[in-house]
Amino acid sequence: MCEWCMKHGAGGKWYLNAKNYSDQLAKELNLEEYLMEQWMNFEKVFIRKVMGMSSIGLGYKLKMPIIGRVIRWQLERMIHSESKNRKAIRADGHFGQVIPIEDAKTIILNLAAEPIIRNYCLCRWMQRGVKDVCCINFGVLSGIIEKLPRFIPKNVKYRLDREEAVKVLEEQNRKGRVFTVWFQPVPYINAICSCETPQCGGLRLRMDFNLKTVYKAEYVAQVDPDLCQGCKTCVSYCQFGAIKYSPTLKRVLIDQKKCFGCGLCRDHCPHGAIKLVPREEIPALKNEY
Amino acid sequence: MMGKTKIIIDYTKCGNATGGIDPRTCGICLKVCDPAVFLMHPPLNVKEENPYDPQYWQITAVWLSLCTHCMKCVKACPQKAIKVIY
(Lines give C-alpha, C1' and ligand atoms only; values in the text may rest on other atoms or scores of the structure.)
Protein backbone atom coordinates (compact mmCIF):
# COMPACT_ATOMS: atom_id res chain seq x y z
CA MET A 1 0.00 0.00 0.00
CA CYS A 2 1.13 3.53 -0.68
CA GLU A 3 2.18 5.89 2.11
CA TRP A 4 -1.20 7.68 2.04
CA CYS A 5 -2.97 4.41 2.90
CA MET A 6 -0.73 4.17 5.95
CA LYS A 7 -1.56 7.74 6.92
CA HIS A 8 -5.22 8.03 6.00
CA GLY A 9 -6.42 4.51 5.17
CA ALA A 10 -7.38 3.24 8.65
CA GLY A 11 -5.75 -0.09 7.79
CA GLY A 12 -6.96 -0.20 4.17
CA LYS A 13 -6.78 1.88 1.01
CA TRP A 14 -7.01 5.61 1.68
CA TYR A 15 -9.86 6.12 -0.76
CA LEU A 16 -11.96 3.41 0.90
CA ASN A 17 -11.87 5.08 4.32
CA ALA A 18 -15.30 6.66 4.91
CA LYS A 19 -13.88 9.26 7.29
CA ASN A 20 -12.09 10.98 4.39
CA TYR A 21 -15.43 11.76 2.73
CA SER A 22 -17.28 13.16 5.74
CA ASP A 23 -18.88 16.59 5.90
CA GLN A 24 -17.54 16.79 9.43
CA LEU A 25 -13.96 16.59 8.15
CA ALA A 26 -14.71 19.33 5.60
CA LYS A 27 -16.06 21.47 8.40
CA GLU A 28 -13.10 20.82 10.71
CA LEU A 29 -10.70 21.88 7.96
CA ASN A 30 -12.86 24.88 6.96
CA LEU A 31 -12.79 23.68 3.39
CA GLU A 32 -15.63 25.64 1.82
CA GLU A 33 -13.57 28.79 1.79
CA TYR A 34 -10.43 26.93 0.72
CA LEU A 35 -12.10 25.15 -2.19
CA MET A 36 -13.85 28.28 -3.42
CA GLU A 37 -10.52 30.09 -3.66
CA GLN A 38 -8.91 27.11 -5.39
CA TRP A 39 -11.69 26.63 -7.94
CA MET A 40 -12.15 30.33 -8.71
CA ASN A 41 -8.49 30.48 -9.66
CA PHE A 42 -7.83 26.97 -10.93
CA GLU A 43 -6.83 27.80 -14.53
CA LYS A 44 -4.19 30.20 -13.24
CA VAL A 45 -2.40 27.63 -11.09
CA PHE A 46 0.36 26.94 -13.66
CA ILE A 47 1.04 30.57 -14.59
CA ARG A 48 0.92 32.18 -11.18
CA LYS A 49 4.28 32.83 -9.58
CA VAL A 50 4.80 30.91 -6.37
CA MET A 51 7.93 31.82 -4.44
CA GLY A 52 9.16 33.76 -7.44
CA MET A 53 8.51 31.11 -10.11
CA SER A 54 5.66 29.76 -12.20
CA SER A 55 5.31 26.46 -14.07
CA ILE A 56 6.11 28.15 -17.40
CA GLY A 57 9.09 26.21 -18.76
CA LEU A 58 9.01 23.87 -15.76
CA GLY A 59 10.91 21.18 -17.64
CA TYR A 60 13.90 23.51 -18.02
CA LYS A 61 13.73 24.69 -14.43
CA LEU A 62 13.75 21.13 -13.08
CA LYS A 63 16.87 20.36 -15.12
CA MET A 64 18.94 23.17 -13.58
CA PRO A 65 21.74 21.82 -11.40
CA ILE A 66 20.97 21.98 -7.66
CA ILE A 67 18.23 24.62 -8.08
CA GLY A 68 16.20 22.08 -10.06
CA ARG A 69 16.35 19.65 -7.14
CA VAL A 70 15.28 22.35 -4.70
CA ILE A 71 12.32 23.24 -6.95
CA ARG A 72 11.30 19.57 -7.19
CA TRP A 73 11.49 19.16 -3.41
CA GLN A 74 9.43 22.30 -2.89
CA LEU A 75 6.79 21.26 -5.45
CA GLU A 76 6.41 17.80 -3.89
CA ARG A 77 6.03 19.47 -0.51
CA MET A 78 3.26 21.72 -1.83
CA ILE A 79 1.45 18.94 -3.68
CA HIS A 80 1.32 16.75 -0.54
CA SER A 81 1.03 19.51 2.03
CA GLU A 82 -0.97 18.84 5.18
CA SER A 83 0.22 22.06 6.80
CA LYS A 84 -2.18 24.59 8.27
CA ASN A 85 -0.57 27.25 6.08
CA ARG A 86 -1.22 25.56 2.77
CA LYS A 87 -2.49 27.81 0.01
CA ALA A 88 -5.67 27.20 -1.96
CA ILE A 89 -4.52 29.46 -4.76
CA ARG A 90 -1.75 27.01 -5.70
CA ALA A 91 -3.90 23.91 -4.95
CA ASP A 92 -1.67 22.70 -2.10
CA GLY A 93 -2.53 19.23 -0.84
CA HIS A 94 -4.30 18.27 -4.08
CA PHE A 95 -3.20 14.90 -5.44
CA GLY A 96 -4.75 11.60 -6.35
CA GLN A 97 -4.42 8.02 -7.48
CA VAL A 98 -5.49 5.98 -10.48
CA ILE A 99 -8.31 3.54 -9.70
CA PRO A 100 -10.01 0.87 -11.81
CA ILE A 101 -13.74 1.16 -12.51
CA GLU A 102 -14.78 -1.28 -9.76
CA ASP A 103 -13.16 0.92 -7.09
CA ALA A 104 -14.69 4.05 -8.65
CA LYS A 105 -18.13 2.39 -8.45
CA THR A 106 -17.55 1.41 -4.82
CA ILE A 107 -16.75 5.02 -4.00
CA ILE A 108 -19.78 6.41 -5.81
CA LEU A 109 -22.22 3.81 -4.43
CA ASN A 110 -21.00 3.69 -0.83
CA LEU A 111 -18.67 6.50 0.12
CA ALA A 112 -19.13 9.74 -1.82
CA ALA A 113 -20.87 12.45 0.21
CA GLU A 114 -23.94 14.08 -1.34
CA PRO A 115 -24.65 16.10 -3.38
CA ILE A 116 -23.00 14.38 -6.34
CA ILE A 117 -22.59 16.46 -9.50
CA ARG A 118 -20.95 16.13 -12.88
CA ASN A 119 -19.23 19.13 -14.39
CA TYR A 120 -17.00 20.27 -17.22
CA CYS A 121 -13.44 18.94 -16.97
CA LEU A 122 -11.22 21.80 -15.95
CA CYS A 123 -8.06 20.37 -17.49
CA ARG A 124 -9.48 19.69 -20.93
CA TRP A 125 -11.00 23.17 -20.92
CA MET A 126 -7.76 24.97 -20.13
CA GLN A 127 -5.50 22.72 -22.19
CA ARG A 128 -7.74 22.00 -25.21
CA GLY A 129 -10.54 24.58 -25.06
CA VAL A 130 -13.04 21.72 -24.99
CA LYS A 131 -16.00 21.48 -22.64
CA ASP A 132 -16.49 17.85 -21.71
CA VAL A 133 -18.94 16.78 -19.01
CA CYS A 134 -17.11 13.96 -17.30
CA CYS A 135 -15.79 14.90 -13.86
CA ILE A 136 -17.74 13.73 -10.85
CA ASN A 137 -17.48 15.85 -7.72
CA PHE A 138 -19.14 15.30 -4.39
CA GLY A 139 -19.55 16.63 -0.87
CA VAL A 140 -18.97 20.30 -0.14
CA LEU A 141 -17.12 20.78 -3.42
CA SER A 142 -20.36 20.29 -5.39
CA GLY A 143 -21.95 23.37 -3.84
CA ILE A 144 -18.88 25.42 -4.68
CA ILE A 145 -18.65 24.35 -8.31
CA GLU A 146 -22.34 25.18 -8.72
CA LYS A 147 -21.50 28.83 -8.06
CA LEU A 148 -18.96 28.91 -10.93
CA PRO A 149 -20.88 29.02 -14.24
CA ARG A 150 -17.94 27.99 -16.44
CA PHE A 151 -17.95 24.48 -14.93
CA ILE A 152 -21.69 23.83 -14.98
CA PRO A 153 -22.86 21.81 -17.97
CA LYS A 154 -25.54 23.26 -20.19
CA ASN A 155 -28.59 21.27 -21.25
CA VAL A 156 -27.86 18.15 -19.20
CA LYS A 157 -28.90 17.08 -15.73
CA TYR A 158 -25.84 17.66 -13.63
CA ARG A 159 -26.99 16.78 -10.12
CA LEU A 160 -26.85 13.00 -10.08
CA ASP A 161 -28.06 10.20 -7.87
CA ARG A 162 -25.64 7.36 -7.25
CA GLU A 163 -26.97 5.12 -10.03
CA GLU A 164 -26.77 7.97 -12.55
CA ALA A 165 -23.20 8.67 -11.48
CA VAL A 166 -22.29 5.01 -12.02
CA LYS A 167 -23.74 5.28 -15.55
CA VAL A 168 -21.44 8.27 -16.16
CA LEU A 169 -18.49 6.14 -15.02
CA GLU A 170 -19.47 3.35 -17.40
CA GLU A 171 -19.81 5.79 -20.30
CA GLN A 172 -16.38 7.32 -19.60
CA ASN A 173 -14.87 3.85 -19.30
CA ARG A 174 -16.25 2.95 -22.74
CA LYS A 175 -14.66 6.11 -24.14
CA GLY A 176 -11.31 5.06 -22.70
CA ARG A 177 -10.87 7.49 -19.82
CA VAL A 178 -8.69 6.70 -16.82
CA PHE A 179 -10.34 7.11 -13.42
CA THR A 180 -8.51 9.00 -10.72
CA VAL A 181 -9.66 9.76 -7.18
CA TRP A 182 -8.50 12.97 -5.52
CA PHE A 183 -7.60 14.39 -2.16
CA GLN A 184 -8.63 18.03 -2.34
CA PRO A 185 -6.97 18.87 -0.02
CA VAL A 186 -5.55 15.86 1.78
CA PRO A 187 -7.19 14.04 3.63
CA TYR A 188 -10.60 15.17 2.28
CA ILE A 189 -11.76 13.29 -0.84
CA ASN A 190 -14.26 14.93 -3.19
CA ALA A 191 -13.64 14.03 -6.83
CA ILE A 192 -13.38 11.20 -9.33
CA CYS A 193 -11.96 12.41 -12.62
CA SER A 194 -12.06 10.73 -16.02
CA CYS A 195 -8.61 11.60 -17.24
CA GLU A 196 -6.94 11.63 -20.61
CA THR A 197 -3.28 12.29 -21.29
CA PRO A 198 -1.67 14.64 -22.15
CA GLN A 199 -4.51 17.14 -21.56
CA CYS A 200 -4.72 16.42 -17.84
CA GLY A 201 -2.99 18.72 -15.36
CA GLY A 202 -2.29 15.96 -12.86
CA LEU A 203 -1.03 13.33 -15.29
CA ARG A 204 1.03 15.97 -17.10
CA LEU A 205 3.05 16.67 -13.96
CA ARG A 206 3.37 12.96 -13.20
CA MET A 207 4.23 11.65 -16.66
CA ASP A 208 6.30 14.50 -18.08
CA PHE A 209 8.00 15.77 -14.92
CA ASN A 210 7.75 12.79 -12.55
CA LEU A 211 6.02 14.76 -9.81
CA LYS A 212 3.74 12.63 -7.65
CA THR A 213 0.46 14.40 -8.38
CA VAL A 214 -1.08 11.09 -9.40
CA TYR A 215 -0.02 7.78 -7.90
CA LYS A 216 -0.23 4.51 -9.77
CA ALA A 217 -3.13 2.24 -8.81
CA GLU A 218 -3.02 -0.50 -6.20
CA TYR A 219 -3.09 -2.94 -9.14
CA VAL A 220 -1.14 -3.84 -12.26
CA ALA A 221 -2.33 -5.44 -15.48
CA GLN A 222 -1.29 -8.96 -16.44
CA VAL A 223 -1.95 -10.69 -19.76
CA ASP A 224 -2.65 -14.40 -20.13
CA PRO A 225 -0.51 -15.54 -23.09
CA ASP A 226 -2.89 -18.40 -23.87
CA LEU A 227 -6.00 -16.22 -24.04
CA CYS A 228 -4.51 -13.24 -25.92
CA GLN A 229 -5.43 -13.42 -29.62
CA GLY A 230 -3.17 -10.56 -30.67
CA CYS A 231 -6.03 -8.25 -31.71
CA LYS A 232 -4.19 -5.21 -30.25
CA THR A 233 -7.39 -3.56 -28.99
CA CYS A 234 -5.78 -2.98 -25.59
CA VAL A 235 -2.82 -1.16 -27.14
CA SER A 236 -5.02 1.69 -28.33
CA TYR A 237 -6.64 2.10 -24.90
CA CYS A 238 -3.42 2.31 -22.88
CA GLN A 239 -2.63 5.95 -22.11
CA PHE A 240 0.64 5.11 -20.45
CA GLY A 241 2.44 3.41 -23.36
CA ALA A 242 2.67 0.21 -21.34
CA ILE A 243 1.43 -2.26 -23.97
CA LYS A 244 2.93 -3.33 -27.27
CA TYR A 245 2.21 -6.04 -29.77
CA SER A 246 4.88 -8.63 -30.41
CA PRO A 247 4.80 -9.96 -33.99
CA THR A 248 7.10 -12.79 -32.86
CA LEU A 249 4.83 -14.04 -30.11
CA LYS A 250 1.62 -12.92 -31.85
CA ARG A 251 0.33 -11.48 -28.61
CA VAL A 252 0.67 -8.29 -26.58
CA LEU A 253 3.31 -7.65 -23.95
CA ILE A 254 2.57 -5.48 -20.90
CA ASP A 255 5.36 -3.44 -19.38
CA GLN A 256 4.24 -3.61 -15.76
CA LYS A 257 6.75 -0.96 -14.77
CA LYS A 258 4.92 1.53 -16.97
CA CYS A 259 1.45 0.24 -16.09
CA PHE A 260 -0.65 2.59 -13.93
CA GLY A 261 -3.23 -0.12 -13.18
CA CYS A 262 -6.28 1.71 -14.54
CA GLY A 263 -7.75 -1.49 -15.98
CA LEU A 264 -8.82 -0.02 -19.34
CA CYS A 265 -6.98 -2.77 -21.26
CA ARG A 266 -8.82 -5.40 -19.22
CA ASP A 267 -12.19 -3.67 -19.67
CA HIS A 268 -11.79 -3.50 -23.46
CA CYS A 269 -10.17 -6.89 -24.14
CA PRO A 270 -12.70 -8.87 -26.21
CA HIS A 271 -11.15 -12.17 -25.09
CA GLY A 272 -10.90 -11.62 -21.33
CA ALA A 273 -7.15 -12.13 -21.56
CA ILE A 274 -6.09 -9.37 -19.17
CA LYS A 275 -6.61 -9.20 -15.43
CA LEU A 276 -5.59 -6.80 -12.71
CA VAL A 277 -3.49 -8.21 -9.90
CA PRO A 278 -2.70 -6.43 -6.62
CA ARG A 279 0.46 -4.39 -6.98
CA GLU A 280 1.83 -5.69 -3.70
CA GLU A 281 1.83 -9.25 -5.05
CA ILE A 282 4.48 -8.34 -7.63
CA PRO A 283 7.79 -8.11 -5.76
CA ALA A 284 9.49 -5.63 -8.10
CA LEU A 285 6.48 -3.30 -8.14
CA LYS A 286 5.08 -3.41 -4.63
CA ASN A 287 6.56 -0.07 -3.67
CA GLU A 288 6.34 1.51 -7.12
CA TYR A 289 3.54 4.02 -6.94
CA MET B 1 21.20 19.12 -26.56
CA MET B 2 18.26 21.16 -27.76
CA GLY B 3 18.27 24.77 -26.57
CA LYS B 4 15.42 26.35 -24.68
CA THR B 5 12.27 27.03 -26.65
CA LYS B 6 10.45 30.35 -26.41
CA ILE B 7 6.91 30.78 -27.61
CA ILE B 8 5.77 34.37 -27.90
CA ILE B 9 2.13 35.25 -28.28
CA ASP B 10 1.11 38.69 -29.55
CA TYR B 11 -1.58 39.68 -27.07
CA THR B 12 -2.79 42.56 -29.22
CA LYS B 13 -4.03 39.85 -31.61
CA CYS B 14 -5.00 37.08 -29.18
CA GLY B 15 -6.56 37.60 -25.75
CA ASN B 16 -9.73 39.63 -25.22
CA ALA B 17 -8.37 41.74 -22.33
CA THR B 18 -5.68 43.23 -24.57
CA GLY B 19 -7.57 43.94 -27.78
CA GLY B 20 -7.24 40.53 -29.40
CA ILE B 21 -9.76 37.81 -30.11
CA ASP B 22 -11.41 35.71 -27.42
CA PRO B 23 -9.45 32.44 -27.26
CA ARG B 24 -12.54 30.64 -25.95
CA THR B 25 -14.11 30.94 -29.39
CA CYS B 26 -10.87 30.20 -31.29
CA GLY B 27 -8.68 27.76 -29.34
CA ILE B 28 -7.09 26.38 -32.51
CA CYS B 29 -3.58 26.31 -31.05
CA LEU B 30 -4.88 24.35 -28.05
CA LYS B 31 -6.30 21.66 -30.28
CA VAL B 32 -3.57 21.47 -32.92
CA CYS B 33 -0.68 20.90 -30.50
CA ASP B 34 -0.07 17.18 -29.94
CA PRO B 35 1.83 17.55 -26.65
CA ALA B 36 -0.64 20.22 -25.35
CA VAL B 37 1.92 22.93 -24.70
CA PHE B 38 -0.64 25.76 -24.51
CA LEU B 39 -2.90 26.77 -21.66
CA MET B 40 -5.98 29.00 -21.68
CA HIS B 41 -6.60 31.01 -18.54
CA PRO B 42 -7.98 34.27 -17.17
CA PRO B 43 -5.09 36.76 -17.16
CA LEU B 44 -3.49 37.64 -13.84
CA ASN B 45 -4.26 41.14 -12.54
CA VAL B 46 -7.28 41.82 -14.71
CA LYS B 47 -10.36 43.13 -12.94
CA GLU B 48 -13.40 40.96 -13.59
CA GLU B 49 -16.89 42.30 -13.20
CA ASN B 50 -17.99 38.99 -11.74
CA PRO B 51 -15.01 37.06 -10.35
CA TYR B 52 -17.15 33.90 -10.22
CA ASP B 53 -17.57 34.04 -13.99
CA PRO B 54 -14.42 35.43 -15.67
CA GLN B 55 -14.93 36.83 -19.18
CA TYR B 56 -11.32 37.70 -20.07
CA TRP B 57 -9.12 34.88 -21.32
CA GLN B 58 -5.70 34.52 -22.83
CA ILE B 59 -3.28 31.83 -23.98
CA THR B 60 0.14 31.10 -22.52
CA ALA B 61 2.58 28.49 -23.77
CA VAL B 62 3.35 26.79 -20.48
CA TRP B 63 4.98 23.43 -21.18
CA LEU B 64 7.79 24.80 -23.34
CA SER B 65 10.18 21.90 -22.82
CA LEU B 66 7.67 19.58 -24.51
CA CYS B 67 7.54 21.67 -27.72
CA THR B 68 9.11 19.92 -30.72
CA HIS B 69 9.13 22.99 -33.02
CA CYS B 70 6.74 21.32 -35.44
CA MET B 71 5.28 24.81 -36.12
CA LYS B 72 1.73 23.52 -36.50
CA CYS B 73 0.51 26.25 -34.11
CA VAL B 74 2.30 28.99 -36.04
CA LYS B 75 0.71 27.84 -39.29
CA ALA B 76 -2.73 27.24 -37.80
CA CYS B 77 -3.15 30.49 -35.84
CA PRO B 78 -5.71 32.60 -37.75
CA GLN B 79 -4.36 35.76 -36.10
CA LYS B 80 -0.70 34.99 -36.91
CA ALA B 81 -0.07 35.71 -33.24
CA ILE B 82 2.36 32.89 -32.38
CA LYS B 83 6.12 32.88 -32.73
CA VAL B 84 8.27 29.89 -31.82
CA ILE B 85 11.91 30.70 -31.20
CA TYR B 86 14.61 28.12 -30.52
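Every chain is numbered from 1 and lettered A, B, ... according to where its sequence line falls, protein lines coming before strand lines.
- Looking at every heavy atom in both residues, Tyr52(B) comes nearest to Lys147(A) through CB-O, 3.7 Å.
- Heavy atoms closer than 4.5 Å to chain B are found in the side chain of Leu205(A), but not in its backbone.
- Proximity to chain B (any heavy atom under 4.5 Å) is shown, for Trp39(A), by neither the backbone nor the side chain.
- In this structure, the portion of Phe38(B) lying under 4.5 Å from any heavy atom of chain A is its backbone and not its side chain.
- A 6.0 Å sphere centred on OH of Tyr245(A) holds more than 12 heavy atoms belonging to other residues, nucleotides or ligands.
- With a 4.5 angstrom heavy-atom cutoff, Pro23(B) does not touch chain A via any of its atoms.
- Interface check for chain B: of the options Leu148(A), Ile47(A), Asn41(A), Leu58(A), the most heavy-atom pairs under 4.5 Å are formed by Ile47(A).
- Scanning all heavy atoms of the two residues, the minimum distance from Trp125(A) to Arg24(B) falls at CH2-CG, 3.4 Å.
- For the options Gly27(B), Ala61(B), Pro35(B), heavy-atom pairs under 4.5 Å to chain A are most numerous at Pro35(B).
- Taking 4.5 Å as the limit, some side-chain heavy atom of Val130(A) sits within range of a side-chain heavy atom of Lys31(B).
- Judged purely by atom type and a 3.5 angstrom limit, Arg204(A) has no side-chain atom pairing as donor or acceptor with the backbone of Trp63(B).
- With a 4.5 angstrom heavy-atom cutoff, Leu39(B) touches chain A via backbone and side-chain atoms both.
- Residue Glu48(B) qualifies as enclosed at atom CD: its count of foreign heavy atoms under 6.0 Å is above 12.
- Between chain A and the residues Cys26(B), Pro51(B), Cys29(B), the most heavy-atom pairs under 4.5 angstrom are made by Pro51(B).
- For Asn50(B), no part sits under 4.5 Å from any heavy atom of chain A, backbone or side chain.
- Residue contact with chain B, scored on non-hydrogen atoms closer than 4.5 Å, involves the backbone and the side chain of Arg48(A) alike.
- Here the CG atom belonging to Leu66(B) is positioned 4.5 Å from the CG atom belonging to Asp208(A), to the nearest 0.5 angstrom.
- Here the shortest heavy-atom pairing between Glu43(A) and Met40(B) reads CB-O, 4.0 Å.
- Counting only heavy atoms from C-beta outward, the side chains of Trp57(B) and Met126(A) never approach each other to under 4.5 Å.
- Neither the backbone nor the side chain of Phe42(A) comes within contact range of chain B; no heavy atoms are under 4.5 Å apart.
- For Lys44(A) against Leu44(B), the heavy-atom pair with the smallest separation is CD-CD2, 3.6 Å.
- Under a cut-off of 6.0 angstrom, the local environment of NZ in Lys47(B) is sparse, with at most 12 non-hydrogen atoms contributed by other residues, nucleotides or ligands.
- Heavy atoms of other residues, nucleotides or ligands lying less than 6.0 angstrom from CD1 of Ile8(B) number more than 12.
- Within 6.0 Å of CD1 in Ile85(B) there are more than 12 heavy atoms belonging to other residues, nucleotides or ligands.
- In this structure, CG in Leu30(B) is found 8.5 Å from CD in Gln127(A), a value given to the nearest 0.5 Å.
- Contact count against chain B (heavy-atom pairs under 4.5 Å) is highest for Pro149(A) among Gly201(A), Pro149(A), Gly59(A).
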